[in-house]
Number of protein chains: 2
Amino acid sequence: MDPSTNEDGVGLAFALLASAARMAERIDEGVVRRGFTGLRPTHGFAFAFLAPAGGTVTGLAAHLGVTKQAAAQLVDELEAKGYVRRGPHPHDARARLVELTEAGRACTRAAEAAAAEAAGAWSEAIGADRMGQLRRDLERMAEGGPIRPTW
Amino acid sequence: MDPSTNEDGVGLAFALLASAARMAERIDEGVVRRGFTGLRPTHGFAFAFLAPAGGTVTGLAAHLGVTKQAAAQLVDELEAKGYVRRGPHPHDARARLVELTEAGRACTRAAEAAAAEAAGAWSEAIGADRMGQLRRDLERMAEGGPIRPTW
DNA sequence: CCCTTTGGTCAAGTAGCTTGACCTAATGTC
DNA sequence: GACATTAGGTCAAGCTACTTGACCAAAGGG
């Protein structure tokens with residue numbers, strides 16, 4: 001195998017992982033700065049999943065790539081902090097529908113603003129024109145599988 | 001704030017985090033396929049740090065963004081599995097120099113090959129010409145801070 | 001020479017997951 | 001419509017990769 005090709009792959013992989021780490025840090029920091037403390041990136045992924053129309057604990061578990069017990073525990077925590085509410089499920093008496101409260105939506109907006117801020121700073125560094133391309137390239141790679149990283 | 005700009009930022013952030021998660025999974029899977037089991041991505045970052053000329057536990061801790069106790073524990077584990085060796089430090093009697101063994105170097109090569117493989121698959125999807133640009137863009141963003149993600 | 005800093009270890013605690021057992025409601029299958 | 005299987009959720013216990021805190025010994029600066 002060609003060593004130089006190897007090195008390119010390694011460089012890309014490291015850059016990708018490290019830049020994702022920076023992004024997560026910046027979003028987290030931005031969310032804290034907007035007044036929402038005690039939340040981890042996993043919560044953000046949960047918010048994003050629940051935002052459109054709510055969802056079940058099991059659905060959330062699949063989306064995050066964790067067990068349903070872990071997802072339930074995460075929902076307990078968010079419920080205790082007032083970000084989500086558990087209600088009856090309209091079509092399934094076993095299930096409970098987890099929905100964002102107004103506080104949850106406010107927090108989601110804060111996370112979006114923080115993400116936009118971080119992306120904006122990046123855009124300044126590499127140029128706005130490349131950001132669209134970058135996003136499309138990354139989206140190609142992101143397809144399939146749960147959102148939450150395994151590390 | 002312009003909502004569409006917000007959405008762009010969110011899209012980029014999600015694509016970045018999700019694609020990094022895919023990358024980590026693929027590398028991990030490739031390393032396992034090459035016969036090295038029981039290793040997590042954090043170990044890979046440790047290997048990369050130690051590969052050039054070894055290093056101290058404290059240095060590793062700073063590189064990974066964890067406490068030195070956590071780094072020491074990680075080194076214990078790698079030592080028990082035969083991937084690293086602790087020796088005396090040439091210039092500092094307090095410190096111990098942690099170096100890769102031959103098994104450790106073999107594992108590092110496997111991880112590099114796995115990363116190259118994953119990057120190669122990606123390169124096929126988006127085109128080889130864009131990969132270089134992508135890498136440079138990501139590297140700009142990755143600057144500063146420890147390598148290991150916080151999530 | 002101290003005095004502070006730095007590399008490392010020991011001990012204990014914790015957060016965020018896991019596996020396993022179980023209950024109840026929905027969904028076939030006949 | 002009875003029955004078996006599947007699926008959503010909870011309770012309980014355990015584990016692992018971290019953490020904080022206290023401490024020791026060597027290095028290094030004034």
Side-chain angles (χ1 to χ4, degrees), chain A residues 17 21 24-25 28 32 37-47 49-50 53-81 83-99 146-151, chain B residues 21 24-25 28 37-47 49-50 53-81 83-99 146-151:
Chain A
L17 297 175
E25 276 169 21
D28 202 59
V32 168
T37 58
L39 292 170
R40 287 165 292 114
T42 302
H43 295 123
F45 293 121
F47 282 145
F49 174 75
L50 296 173
T56 65
V57 165
T58 300
L60 177 61
H63 182 251
L64 295 178
V66 297
T67 59
K68 54 188 178 176
Q69 291 89 329
Q73 183 168 312
L74 200 139
V75 169
D76 286 343
E77 201 184 333
L78 291 178
E79 193 177 29
K81 290 179 176 168
Y83 294 126
V84 305
R85 160 183 54 233
R86 278 189 238 237
H89 194 286
H91 308 313
D92 191 334
R94 297 168 303 175
R96 315 196 57 187
L97 184 64
V98 183
E99 290 175 301
I147 269 196
R148 205 192 59 119
T150 7
W151 14 346
Chain B
E25 277 170 20
D28 202 60
T37 57
L39 291 170
R40 285 163 295 113
T42 302
H43 295 124
F45 292 121
F47 281 145
F49 174 74
L50 297 173
T56 65
V57 165
T58 301
L60 178 61
H63 182 250
L64 295 178
V66 298
T67 59
K68 54 187 179 177
Q69 291 90 327
Q73 182 169 313
L74 200 139
V75 169
D76 286 342
E77 199 183 335
L78 291 178
E79 194 177 29
K81 290 180 177 169
Y83 294 126
V84 305
R85 162 182 54 233
R86 276 188 238 237
H89 194 286
H91 308 314
D92 192 332
R94 296 168 304 175
R96 314 196 58 188
L97 185 63
V98 184
E99 289 175 301
I147 269 196
R148 206 192 59 118
T150 5
W151 13 344

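Bear in mind that the values here come from a model prediction, so they are computed numbers and not experimental data. Proteins come first, then strands; the chains are lettered A, B, ... in the order of their sequence lines, and each starts at number 1.
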| request: Applying side chain to side chain donor-acceptor pair (under 3.5 Å), name anything that partners A:E79, two or more places apart in sequence or on another chain. | output: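 Side chain to side chain donor-acceptor pair (under 3.5 Å) list for A:E79, sorted by chain: A:R86.
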
Short side-chain N/O contact from [X] to OP1 or OP2 of [N], under 4.0 Å:
X: A:T58; N: D:dA7; answer: no
X: A:R96; N: D:dG8; answer: no
X: B:R86; N: C:dG7; answer: no

Are any non-hydrogen side-chain atoms of [X] and [Y] less than 4.5 angstrom apart?
X: B:Q73; Y: B:Q69; value: no
X: A:F49; Y: A:L64; value: no
X: A:L78; Y: A:L39; value: yes

(request) Quick one: label A:A95 by what it contacts on the DNA or RNA (base, sugar-phosphate, nothing), any heavy atom closer than 4.0 Å. (result)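 Touches sugar-phosphate only.
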
Next item on the list: Decide yes or no on side chain to side chain contact (heavy atoms under 4.5 Å, CB included) for B:R96 and B:V57, but give the supporting numbers first.
Entry: CA-CA 8 Å; B:R96 314 196 58 188; B:V57 165; over 6 Å; no

Identify all pairs in which a protein N or O lies below 3.5 Å from an N or O of nucleotides 21-28 of chain D, and state each distance.
residue, atom, partner, partner atom, Å
D:dG21, O6, B:Q69, NE2, 2.5
D:dA27, OP1, B:A93, N, 3.2

Closest non-hydrogen atom pair between A:L74 and A:A46, with its separation
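Shortest heavy-atom separation between A:L74 and A:A46 comes out as CD2-CB, 3.8 Å.
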
Name the residue closer to the 5' end of DNA chain C, choosing between B:Q73 and B:T56 according to the nucleotide with the nearest heavy atom.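 Looking at DNA chain C, the more 5' nearest nucleotide goes with B:T56.
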
Axis bend over the full length of the helix from C:dC1-D:dG30 to C:dC30-D:dG1, computed from five pairs that close each end, to 10 degrees: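 The end axes of the helix from C:dC1-D:dG30 to C:dC30-D:dG1 are about 30° apart, to the nearest 10°.
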
